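All figures in this text were calculated on a predicted structure; none of them were measured in a lab. Scope of the values below: all heavy atoms of this structure, side chains included, with no hydrogens, waters or symmetry mates.
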Amino acid sequence: MTSLRERDGWKELRVVAMSDVDTVATIEGAFTEARSADLRGRPGGPVDASRLPLRAWEIATIQLR
């Protein structure tokens with residue numbers, strides 16, 4: 001995890017796959033919705049944060065509430 005902040009009523013989490021192979025991130029917590037976002041924070045589609053696939057060295061921004 002590289003950052004966690006509040007943005008427009010969502011918690012915005014940024015994670016980085018610090019590996020040269022694909023991996024899966026597991027995000028746990030008291031949230032009911034998760035969606036992707038771009039690096040500028042613009043919302044994307046829904047994601048399964050309990051099993052978030054990441055490509056090698058990928059930076060992912062996830063919004064939770």
Side-chain angles (χ1 to χ4, degrees):
M1 180 176 86
T2 61
S3 70
L4 176 63
R5 66 181 183 164
E6 188 150 348
R7 179 187 189 109
D8 301 326
W10 293 75
K11 301 278 192 244
E12 190 172 88
L13 172 70
R14 188 159 292 148
V15 294
V16 179
M18 302 282 296
S19 172
D20 57 358
V21 296
D22 294 353
T23 189
V24 175
T26 302
I27 302 166
E28 297 176 345
F31 56 88
T32 58
E33 290 181 77
R35 66 185 184 190
S36 64
D38 66 13
L39 289 176
R40 295 183 66 191
R42 295 178 293 206
V47 296
D48 179 4
S50 66
R51 185 165 168 72
L52 182 66
L54 296 170
R55 294 181 312 271
W57 305 107
E58 180 179 4
I59 300 169
T61 304
I62 306 300
Q63 295 174 335
L64 309 164
R65 72 168 159 192

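- Side-chain contact between L52 and I27 is present, with at least one heavy-atom pair separated by less than 4.5 Å.
- Nearest heavy-atom pair, E58 versus R55, reported as atom, atom and distance to 0.1 Å: OE1-N, 2.8 Å.
- By the 6.0 Å and 45° rule, R35 stacks over the aromatic ring of W10.
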With side-chain contact (heavy atoms from CB on, under 4.5 Å) as the test, would you mind laying out the steps for Q63 and R7 before giving the verdict? CA-CA 8 Å; Q63 295 174 335; R7 179 187 189 109; 4.0 Å; yes
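- E12 CD to L4 CG: the interatomic distance, rounded to the nearest 0.5 Å, is 9.0 Å.
- Note on residues 13-31: pairs passing side-chain hydrogen bond (donor to acceptor under 3.5 Å, both in side chains), not counting sequence neighbours, are R14-T61.
- Taking 4.5 Å as the limit, some side-chain heavy atom of L13 sits within range of a side-chain heavy atom of M1.
- Listed by first then second residue, pairs satisfying side-chain hydrogen bond (donor to acceptor under 3.5 Å, both in side chains) with a partner in residues 38-48 read D38-R42, D48-S50, not counting sequence neighbours.
- Considering only residues two or more places apart in sequence or on other chains, R65 meets the side chain to side chain donor-acceptor pair (under 3.5 Å) condition with E33.
- In this structure, CG on L54 lies 12.5 Å from CE on M18, to the nearest 0.5 angstrom.
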